[in-house]
Amino acid sequence: MIPHDFRRPLTIVAAVVAVLSLAAVAAVMAIAFGNGVAPVWVTSTALYGLPLAFILMAALVVDSVWARRRQ
């Protein structure tokens, strides 16, 4: 179970990672539209950031459901 003090910061981290990843996806698409190649760090952020954010948010949701059922 995730301590209550860490839930809000983890939610904020997951949201920031998701927004940055979506911005990276937009950047990769814009660069590709201009017949260019995006830098590796932008592509990696686009590929790995969204699943990371999804996993963090899923863990928070499961933990929240688990905590409510224990009460």
Side-chain angles (χ1 to χ4, degrees):
M1 187 167 151
I2 300 172
H4 185 66
D5 296 339
F6 292 120
R7 286 183 191 161
R8 175 72 62 160
L10 280 178
T11 304
I12 293 169
V13 167
V16 168
V17 169
V19 168
L20 289 176
S21 297
L22 287 174
V25 168
V28 168
M29 291 175 64
I31 293 170
F33 184 70
N35 292 329
V37 177
V40 174
W41 68 272
V42 176
T43 306
S44 297
T45 303
L47 288 174
Y48 298 119
L50 284 175
L52 176 65
F54 180 79
I55 289 170
L56 280 172
M57 290 303 278
L60 286 165
V61 168
V62 167
D63 183 62
S64 175
V65 169
W66 189 18
R68 285 182 185 257
R69 293 200 180 236
R70 292 176 79 203
Q71 288 181 350

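This chain uses plain numbering: 1 for the first residue, then up along the sequence. Heavy atoms only: backbone and side chains are in, while hydrogens, waters and symmetry mates are out.
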A.B. asks: How far apart are the closest heavy atoms of Ser21 and Gly49, and which atoms are they?
C.D. replies: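 Smallest interatomic distance, heavy atoms only, reads OG-CA, 2.9 Å.
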A.B. asks: Any idea which heavy atoms bring Leu52 and Val17 closest together, and the distance?
C.D. replies: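 Looking at all heavy atoms of both residues, the closest pair is CD2-CG1, 4.3 Å.
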A.B. asks: Can you list everything that forms a side-chain contact (heavy atoms from CB on, under 4.5 Å) with Ile31? Sequence neighbours excluded, please.
C.D. replies: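 By the side-chain contact (heavy atoms from CB on, under 4.5 Å) rule, Ile31 matches Ala38, Pro39.
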A.B. asks: Do Leu56 and Phe6 sit in one hydrophobic cluster, given that two such residues count as connected whenever their side-chain heavy atoms are within less than 4.5 Å of each other, even indirectly?
C.D. replies: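 In one cluster with Leu56: Phe6, yes.
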A.B. asks: If you link ILVMFWY side chains whenever their heavy atoms are less than 4.5 Å apart, which other residues fall into the same cluster as Leu22? By chain and number, please.
C.D. replies: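 Noted: Leu22 shares its cluster with Val25, Met29, Leu50.
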A.B. asks: What's the separation between atom CG in Leu10 and atom CE in Met57, rounded to the nearest 0.5 Å?
C.D. replies: 10.0 Å
A.B. asks: Verify the cluster assignment for Leu47 and Val42: are they in a single hydrophobic cluster under the rule of side-chain heavy atoms below 4.5 Å apart?
C.D. replies: no
A.B. asks: Checking the side chain of Thr45 only, and the main-chain atoms of Trp41 only, is there a donor and an acceptor separated by less than 3.5 Å?
C.D. replies: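 Checking the backbone N and O of Trp41 against the side chain of Thr45, a donor-acceptor pair under 3.5 Å is found.
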A.B. asks: Quick one: closest heavy-atom pair of Ala46 and Ala24, and the distance?
C.D. replies: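 Smallest interatomic distance, heavy atoms only, reads N-CB, 3.8 Å.
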A.B. asks: Going by side-chain heavy atoms closer than 4.5 Å, which hydrophobic residues are tied to Leu20, directly or by a chain of links?
C.D. replies: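 Members alongside Leu20: Ile12, Val16.
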